[in-house]
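Remember, predicted model here, so these are calculated numbers, not experimental data.
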Amino acid sequence: REMKRLYAEQINKMLEDYYFNLENNPQGRESHYGVLASGVQHVYGAAFCMNDDDALGDLRPFVSAIMNGEIPSPVAIELAI
């Protein structure tokens, strides 16, 4: 089962912004990471509020990675439904 396209696109856009900001302002790494972490948590929160259990399962690894200080890999959009 693949992640829903809406969530996949949001996650990938946040990752794209993170890497863009990091490239253009490496000194702001901590701040850029904070924005990424906040965004991922908000997407998870939206899925939670909609009782979208499938999406919560799909998003959990991204939240876990962020909470562990890791940068998750992008989602393969062509596989998203």
Under a 4.5 Å side-chain heavy-atom rule over Ile, Leu, Val, Met, Phe, Trp and Tyr, are [X] and [Y] clustered together?
{"X": "V35", "Y": "I66", "result": "no"}
{"X": "I71", "Y": "V75", "result": "yes"}
{"X": "Y19", "Y": "M14", "result": "yes"}

Contacts of [X] that satisfy side-chain contact (heavy atoms from CB on, under 4.5 Å) - sequence neighbours left out:
{"X": "N25", "result": "Q27, H32"}
{"X": "P61", "result": "none"}
{"X": "V63", "result": "V40, Y44, M67"}

Nearest-0.5 Å distance that lies between atom [atom1] in [X] and atom [atom2] in [Y]:
{"X": "Y18", "Y": "S31", "atom1": "OH", "atom2": "OG", "result": "10.5 Å"}
{"X": "L36", "Y": "F62", "atom1": "CG", "atom2": "CZ", "result": "10.5 Å"}
{"X": "R60", "Y": "L56", "atom1": "CZ", "atom2": "CG", "result": "5.5 Å"}

Next item on the list: Could you go through the side chain to side chain contact (heavy atoms under 4.5 Å, CB included) check for D58 and Y7 one step at a time?
Entry: CA-CA 9 Å; D58 291 339; Y7 297 117; over 6 Å; no
Notebook entry, point to check: Quick one: side-chain hydrogen bond (donor to acceptor under 3.5 Å, both in side chains) pairs with a partner in residues 62-73, sequence neighbours left out?
Noted result: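 Every pair satisfying side-chain hydrogen bond (donor to acceptor under 3.5 Å, both in side chains) with a residue in residues 62-73: there are none.
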Check: Under the salt bridge (Lys or Arg N to Asp or Glu O under 4.0 Å) test, which residues partner E9, sequence neighbours left out?
Finding: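 Only R5 meet the salt bridge (Lys or Arg N to Asp or Glu O under 4.0 Å) criterion with E9.
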Notebook entry, point to check: So do the side chains of I11 and P72 get within less than 4.5 Å of each other, counting heavy atoms only?
Noted result: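 No, their side chains stay 4.5 Å or more apart.
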Checklist line | Within residues 17-43 or reaching into it, pairs that qualify as salt bridge (Lys or Arg N to Asp or Glu O under 4.0 Å) - sequence neighbours excluded | finding: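 Residue pairs passing salt bridge (Lys or Arg N to Asp or Glu O under 4.0 Å), neighbours aside: K13-D17.
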Notebook entry, point to check: Which pairs pass salt bridge (Lys or Arg N to Asp or Glu O under 4.0 Å) with one or both residues in residues 34-52, sequence neighbours excluded?
Noted result: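 Listed by first then second residue: K4-D52.
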